[in-house]
Q: 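Before anything else, here's the structure in question.
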2 protein chains.
Amino acid sequence: MAEEKPTVFIIDDDPSIRKSLLRLLRSFGFEAETFDSAEEYLERERYQGTGCIVLDVRMPGIDGLALQNELNKADYTMPVIFVTAHGNIPMSVEAMKKGAVDFLPKPFDDNEFLQAVNRAVETDRTAKIRFAGTREILRRIQRLTPREQEVLRYVVSGMPNKQIAFRLGIAEKTVKAHRGRIMKKLEIDSLPELTRLAEKAGIQPL
Amino acid sequence: MAEEKPTVFIIDDDPSIRKSLLRLLRSFGFEAETFDSAEEYLERERYQGTGCIVLDVRMPGIDGLALQNELNKADYTMPVIFVTAHGNIPMSVEAMKKGAVDFLPKPFDDNEFLQAVNRAVETDRTAKIRFAGTREILRRIQRLTPREQEVLRYVVSGMPNKQIAFRLGIAEKTVKAHRGRIMKKLEIDSLPELTRLAEKAGIQPL
DNA sequence: AGTCGCATTAGACCAAAGTCCACTATACAC
DNA sequence: GTGTATAGTGGACTTTGGTCTAATGCGACT
């Protein structure tokens, strides 16, 4: 597969900043897109790939910090770099507490900006990889029938088939049958593996 | 058991600050101790309970940010709150990136200070609880003999006893004997539980 | 009405795991 | 020496787990 370029989303109401950052990023091999307001970004952008957001704090309408709040609420995990000409310490601390990867007061030089972007993209990449793993597991577990998921829960709790059968009011044979299908569907062949899958999927024992 | 008061360590070269913060914290039910330099803190303090550090950035000798670096390097996980009269944004961002829970420019009011301390102590408390769990598990697993740990590794990889025996060049009976002792020593009674313990202890399958 | 997926079960086996007891052999400590 | 911990083994069983085949009942979709 072709190497996907990471995409940087620049949200700033100052056209000259947008333009210069855009040029800078593109010249260093990033994809980049610009938005002149938080609203525009929220409307237009549904990007799912890897990248980061460069966000001006002070903007008309929804400001940068408010946008960050929105994205957090929506579990939108793309890393955010703040840039601003009118920042102060409490503002930067607040942004960092909420998960920003960096906060750059304008003016900043190209180098520190690019470093921040690289860090942010790297953060996003590893987060996406980690998440993709557990999402794939969840996907597979959700292909199990409700009954199978129920049995799975008891199994990873360490209960013997006989007891599982008793609790569910069914025959031990049936539990075995479910177990067999669970293992086949999840394409695994050992109880420890099953336990780890369930663990990653957030299935609690008992 | 008696409720342990959290302890706050105040590190600041300004005696009047030390004194006022000390009084404030004590009046709100915290234990608190003061240090007039990072060096003094490093020499004197080996506190293991729950609490946090209030750290001045600008100090003669080792400054606050340098001390934070030292503590991080030593895996000393007590949360740090920075306070400073001569801060700027890059400084605060740097501190936050390195894990500070807050960064307060002087002057700050009592209320926001206390809020920060509470947050920090809470952070420490939950971190300590989480860590205590895995440490206890590690302790128990390390009481297993080397051979038992070896067998454990194969078991949680999902290998049947017969294969484990083959790989170790021993009889299947012996593997069973080890398994039995492992389960007894760890005081558990199911393979899924064993798998989870091993997982938390960082034992990799295969 | 027919077909599918789901849940359920039985019978017949076989393989794997666990238990109890006894025995041997190191190695290290007191 | 006499212990104590670790490691390895065998016999004799019991309990669990897993597989294959075959079958039944139910609800949903066509």
Q: Asn161(B) side chain: which of dG18(C), dA7(D), dG17(D) is closest?
A: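 That would be dG18(C).
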Q: Nearest to the side chain of Ala177(B) - dA7(C), dT9(D), dG17(D)?
A: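 In terms of side-chain proximity for Ala177(B), the closest of dA7(C), dT9(D), dG17(D) is dT9(D).
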Q: Are Arg196(A) and Glu193(A) within salt-bridge range, i.e. N to O under 4.0 Å?
A: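 So Arg196(A) does not pair with Glu193(A) through a salt bridge.
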Q: Using heavy atoms to find the nearest nucleotide of DNA chain D for Lys184(A) and Glu172(A) separately, return the residue whose nucleotide is more 5′.
A: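 That would be Glu172(A).
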Q: Between Lys162(A) (NZ) and dT14(D) (P), how many Å, whole number?
A: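 About 13 Å, once rounded to whole Å.
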Q: Measure the distance from CG on Asp189(A) to C1' on dA16(C) and round it to the nearest whole Å.
A: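 Value for this atom pair: 14 Å.
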Q: Expressed as a whole number of angstroms, how long is the span from Ile164(A):CD1 to dA7(C):C1'?
A: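 That distance rounds to 16 Å.
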Q: For the side chain of Lys173(B) and the base of dG8(D), is some donor closer than 3.5 Å to an acceptor across the two?
A: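 No pair found.
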Q: Can you tell me if Asn72(B) and Lys98(B) form a side-chain donor-acceptor pair at under 3.5 Å?
A: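 On atom types as modelled, these side chains do not qualify, holding no pair under 3.5 Å.
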Q: As a test of reading the structure: which of dA7(D), dA7(C), dT9(C) is closest to the side chain of Glu148(A), going by heavy atoms?
A: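 Of the options given, the side chain of Glu148(A) lies nearest dA7(C).
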Q: Is the distance from OP1 or OP2 of dT9(D) to the nearest side-chain N or O of Thr174(B) less than 4.0 Å?
A: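 Yes, within the criterion.
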Q: Whole Å only: how far is the CD1 atom of Ile170(B) from the C1' atom of dG10(D)?
A: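 Going from Ile170(B) (CD1) to dG10(D) (C1'), I get 14 Å.
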Q: Under 4.0 Å between a side-chain nitrogen and a carboxylate oxygen: does that hold for Asp13(A) and Arg18(A)?
A: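 Salt bridge: no.
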Q: Might you work through the side-chain contact (heavy atoms from CB on, under 4.5 Å) test for Tyr47(B) and Thr7(B), ending with a clear yes or no?
A: CA-CA 9 Å; Tyr47(B) 179 67; Thr7(B) 302; 3.3 Å; yes
Q: Could you pick out which residue, Ala171(A) or Lys176(A), lies toward the 5' side of DNA chain C when each is mapped onto its nearest nucleotide?
A: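 The answer here is Ala171(A).
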Q: Just compare dG8(D), dA7(C), dT8(C) and give me whichever is closest to any side-chain atom of Arg147(B).
A: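 The nucleotide sitting nearest to the side chain is dG8(D).
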Q: Give Arg181(A) one of three labels, base, sugar-phosphate or nothing, depending on what nucleic acid heavy atoms sit under 4.0 Å from its own.
A: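 If one applies the 4.0 Å heavy-atom cut-off, Arg181(A) turns out to touch a base.
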Q: Write down the distance between NE2 (His178(A)) and C1' (dC6(C)), rounded to a whole number of angstrom.
A: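 Distance, rounded to whole Å: 9 Å.
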Q: side-chain contact (heavy atoms from CB on, under 4.5 Å) for Leu24(B) and Phe30(B)? Distances and angles first, verdict last.
A: CA-CA 9 Å; Leu24(B) 176 63; Phe30(B) 292 98; over 6 Å; no
Q: Atom CG of Leu144(A) and atom C1' of dA7(C): how far apart are they, to the nearest Å?
A: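 The distance from CG of Leu144(A) to C1' of dA7(C) comes to 14 Å, rounded to the nearest Å.
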Q: Rounding to a whole Å, what distance do you find between Ile182(B):CD1 and dT6(D):C1'?
A: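 Result: 13 Å.
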Q: Tyr154(A) OH to dG17(D) P: how many Å, rounded?
A: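 Tyr154(A) atom OH is separated from dG17(D) atom P by 16 Å.
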